[in-house]
**Q** 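Next up is a structure, given as structure tokens.
Any value given below was found using the heavy atoms of this structure, including those in side chains, with hydrogens, waters and symmetry copies removed.
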Amino acid sequence: MSTRIAFLKGHGTENDFVIVPDPENALDLPAAAVAALCDRRAGLGGDGLLHVVRSAAHPEAKGMAAEAEWFMDYRNGDGSVAEMCGNGVRVFARYLQRAGHAAQGDLAIATRGGVKRVHIAKAGSGSGSAEGDVTVGMGRARLPEGDVEVSVGGRSWPARNVNMGNPHAVAFVADLAHAGDLYAAPSHAPAGAYPDGVNVEFVVDRGPGHVAMRVHERGSGETRSCGTGACAVAVATARRDGADPAVTGTPATYTVDVPGGTLVITERPDGEIEMTGPAVIVAEGEFDSAWLEGVLA
């Protein structure tokens with residue numbers, strides 16, 4: 001017998017997600033099911049899926065339950081599992097607020113990239129959202145050693161290897177159009193630099209402390225925004241500009257334009273990176289489990 005399963009749709013700077021509330025981790029969501037739900041023509045459509053589970057109910061998050069009640073079981077649009085999604089965390093927080101599980105102010109969210117500290121601003125206090133922008137403590141960046149190169153359509157660029165809990169290659173280009181259509185993943189070298197794939201950001205300068213980017217997210221293709229990617233871009237740009245807050249004692253803040261909007265990224269002297277931007281829930285409804293079972297049959 002079929003059942004009705006609740007879902008919502010939300011986005012952060014147009015990086016959009018299917019949200020599936022499942023507090024007790026009762027739903028079976030294999031990769032094929034996630035890909036079907038995220039399909040933009042035959043499914044609900046999204047760059048990824050936010051599976052909302054209580055930390056204590058998920059085997060990967062039980063160890064974080066004392067710090068964070070809720071676990072963001074994030075999946076890419078192709079169904080693959082990802083460590084973190086910065087825009088996803090903001091939308092996840094907005095869902096918790098909407099559902100009455102969280103209020104304006106501070107909260108903690110468990111992710112595969114660790115526990116993330118989140119602040120939901122007062123409604124109307126942020127420039128990006130009438131509901132109030134959401135700030136996420138994204139942790140510290142790691143800058144693995146070694147030269148990396150990315151290539152698209154016969155062009156190649158040196159790239160900065162930045163790890164934000166997930167891997168990024170940040171390339172500075174003369175024109176964002178040089179990134180091509182980004183339907184396929186840009187190639188990178190050396191091949192062993194990213195054994196599990198990589199998110200690739202292409203960046204141009206817009207002014208002092210202001211850059212714009214396009215991104216190919218592994219497992220999703222080009223997306224309208226990538227929160228961890230914007231953080232990686234800010235760190236790579238700061239180092240290119242000779243700024244290291246750990247050395248200078250002064251925070252470095254960059255405005256990062258993405259195709260879907262604008263994010264503000266600050267790297268503090270203690271290494272913590274904060275990302276601020278909008279998060280919007282646009283719809284909610286139900287889908288029939290029989291439909292999903294038919295897709296997977």
Side-chain angles (χ1 to χ4, degrees), residues 5-27 46-58 60-75 83-139 165 225 227-228 230-231 253 260-266 268 270 272-286:
I5 300 173
F7 77 93
L8 299 90
K9 273 294 300 284
H11 76 93
T13 49
E14 298 183 11
N15 193 188
D16 66 331
F17 309 97
V18 176
I19 306 162
V20 179
D22 181 23
E24 302 311 316
N25 198 28
L27 295 175
D47 292 323
L49 183 141
L50 306 177
H51 184 207
V52 184
V53 184
R54 282 197 168 88
S55 297
H58 199 288
E60 293 183 71
K62 284 183 178 179
M64 295 179 276
E67 290 184 78
E69 180 181 2
W70 295 95
F71 173 56
M72 184 181 78
D73 174 17
Y74 180 69
R75 317 291 184 85
E83 302 91 339
M84 241 295 283
C85 174
N87 288 316
V89 173
R90 296 202 319 281
V91 174
F92 192 95
R94 182 69 78 212
Y95 163 75
L96 294 179
Q97 181 186 31
R98 181 187 182 100
H101 300 311
Q104 169 194 324
D106 298 330
L107 71 149
I109 295 173
T111 76
R112 290 185 179 85
V115 174
K116 302 302 176 185
R117 306 296 169 181
V118 179
H119 179 82
I120 303 174
K122 182 178 179 180
S125 63
S127 60
S129 172
E131 297 179 276
D133 282 349
V134 179
T135 298
V136 180
M138 299 289 287
S225 181
T228 55
C231 293
T253 296
T262 297
L263 297 167
V264 177
I265 313 297
T266 297
R268 302 194 320 226
D270 65 0
E272 179 71 17
I273 298 169
E274 295 180 337
M275 175 185 62
T276 299
V280 182
I281 303 296
V282 298
E284 59 181 308
E286 296 178 328

**Q** Residues two or more places apart in sequence or in another chain: which of them pass side-chain hydrogen bond (donor to acceptor under 3.5 Å, both in side chains) with D22?
**A** H51
**Q** Which residues pass the side-chain contact (heavy atoms from CB on, under 4.5 Å) test with A56, not counting sequence neighbours?
**A** A65
**Q** Please report the shortest heavy-atom distance between T228 and G86, naming the atom on each side.
**A** CG2-N, 3.8 Å
**Q** So, taking the atom named CZ in F92 and the one named OH in Y74, what distance separates them when rounded to the nearest 0.5 Å?
**A** 13.0 Å
**Q** How would you list, by chain and number, every residue that makes a side-chain hydrogen bond (donor to acceptor under 3.5 Å, both in side chains) with E272, sequence neighbours excluded?
**A** none
**Q** Please find the pair of heavy atoms, one from P21 and one from L8, that lie closest to each other, and give the distance.
**A** CG-CD1, 3.8 Å
**Q** State the CZ-CD1 distance between R90 and I109, to the nearest 0.5 angstrom.
**A** 11.5 Å
**Q** Rounded to the nearest 0.5 Å, what separates atom OH in Y95 from atom CH2 in W70?
**A** 6.5 Å
**Q** Applying ring pair (Phe, Tyr, Trp, His ring centres under 6.0 Å), name anything that partners F71, two or more places apart in sequence or on another chain.
**A** H58
**Q** How close do A93 and I120 get, heavy atom to heavy atom, and via which atoms?
**A** O-CD1, 3.9 Å
**Q** Quick one: list whatever passes side-chain hydrogen bond (donor to acceptor under 3.5 Å, both in side chains) with S55, sequence neighbours left out.
**A** none
**Q** Which residues pass the salt bridge (Lys or Arg N to Asp or Glu O under 4.0 Å) test with D47, not counting sequence neighbours?
**A** R40
**Q** By the definition side-chain hydrogen bond (donor to acceptor under 3.5 Å, both in side chains), identify the one residue from T262, N87, N15 that meets it with S225.
**A** N87
**Q** What closest approach, in Å, do C231 and I273 show between heavy atoms, and which atom pair accounts for it?
**A** SG-CG2, 3.8 Å
**Q** Rounded at 0.5 Å granularity, tell me how far CG in L50 sits from NZ in K9.
**A** 11.0 Å
**Q** Does R54 have any salt bridge (Lys or Arg N to Asp or Glu O under 4.0 Å) partners at least two apart in sequence or in another chain, and if so, which?
**A** E24, E69
**Q** Mind listing the closest non-hydrogen atom pair of T135 and E274 along with its distance?
**A** CG2-CB, 4.1 Å
**Q** Could you tell me if the side chain of I281 sits less than 4.5 Å from the side chain of I19, heavy atoms only?
**A** yes
**Q** Would you say that R94 contacts P278 through its side chain, given a criterion of any heavy-atom pair below 4.5 Å between the two side chains?
**A** no
**Q** Tell me the closest heavy-atom pair linking A279 and V134, and the distance in Å.
**A** CB-CG2, 4.2 Å
**Q** Does anything in residues 98-108 form a side chain to side chain donor-acceptor pair (under 3.5 Å)? List the pairs, not counting sequence neighbours.
**A** R98-E284, D106-H119
**Q** Heavy atoms, side chains only, cut-off 4.5 Å: are V20 and R75 in contact?
**A** no
**Q** To the nearest 0.5 angstrom, please state how far the CG atom of D16 sits from the CG atom of L49.
**A** 11.0 Å
**Q** Under the side-chain contact (heavy atoms from CB on, under 4.5 Å) rule, collect the residues that match up with A108, sequence neighbours excluded.
**A** A68, V115, R117
**Q** Going from CZ on R112 to SG on C85, what distance comes out if it is rounded to the nearest 0.5 angstrom?
**A** 12.0 Å
